[in-house]
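Here is the structure we will look at.
It should be emphasised that the depicted structure is a prediction, and the values quoted were computed from it without experimental measurement.
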Amino acid sequence: IDTMVEQITTGVLRGGPAAQYAARQLVADVDQQQIDDEIVCMTARRIAEIRASDEGREGLNAFLEKRNPDWMR
């Protein structure tokens, strides 16, 4: 179990700080909400916004260039 916890923790820590915060906020905002078109559109919009941010672009570039993103340096 220690190995699994370490793997999960390592994976989480590789994510961008703003993206992690946005994900936690999204989960909190939709918790206990009925899934409808409004929730789906809001979720898609928020995910698109973080992906289009400087951090999101850096994460994608780092992935494509096979390097660590700048928040891990």
Side-chain angles (χ1 to χ4, degrees):
I1 195 160
D2 290 340
T3 301
M4 184 169 278
V5 169
E6 184 177 336
Q7 289 173 344
I8 291 169
T9 302
T10 299
V12 168
L13 292 175
R14 291 184 61 85
Q20 290 182 15
Y21 176 79
R24 287 191 306 271
Q25 276 302 128
L26 179 61
V27 169
D29 292 346
V30 301
D31 183 42
Q32 304 297 316
Q33 298 291 321
Q34 182 76 15
I35 297 175
D36 58 18
D37 289 342
E38 183 179 342
I39 292 289
V40 170
C41 287
M42 182 266 302
T43 299
R45 179 183 50 78
R46 287 169 67 173
I47 291 170
E49 287 171 358
I50 199 69
R51 284 186 178 172
S53 71
D54 289 342
E55 182 179 283
R57 288 191 304 274
E58 167 59 16
L60 180 58
N61 287 336
F63 173 77
L64 293 173
E65 295 167 9
K66 297 180 180 11
R67 62 172 174 79
N68 285 333
D70 63 0
W71 62 82
M72 293 188 68
R73 294 181 189 167

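Here Ile35 sits in one hydrophobic cluster together with Val40; the rule is ILVMFWY side chains under 4.5 Å apart, joined directly or through other members. The other residues sharing a hydrophobic cluster with Leu60 are Phe63, Leu64, where clustering joins ILVMFWY side chains under 4.5 Å apart.
Applying the side chain to side chain contact (heavy atoms under 4.5 Å, CB included) rule to Gln7 yields the partners Thr3; only residues at least two apart in sequence or on another chain are considered.
Under the side chain to side chain donor-acceptor pair (under 3.5 Å) criterion, the residue pairs touching residues 34-54 are Asp29-Arg46, Arg45-Glu49, Asp54-Arg57, with sequence neighbours excluded. Residues in residues 2-16 take part in no salt bridge (charged side-chain N to carboxylate O under 4.0 Å, His left out) pair, two or more places apart or across chains.
At least one donor-acceptor pair closer than 3.5 Å links the side chain of Glu58 to the backbone N or O of Asp70.
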Side-chain donor-acceptor contacts of residues 16-24 below 3.5 Å, not counting sequence neighbours, with atom names and distances?
{"from": "Gln20", "atom 1": "NE2", "to": "Val12", "atom 2": "O", "distance (Å)": "2.3"}
{"from": "Gln20", "atom 1": "NE2", "to": "Gly15", "atom 2": "O", "distance (Å)": "3.1"}

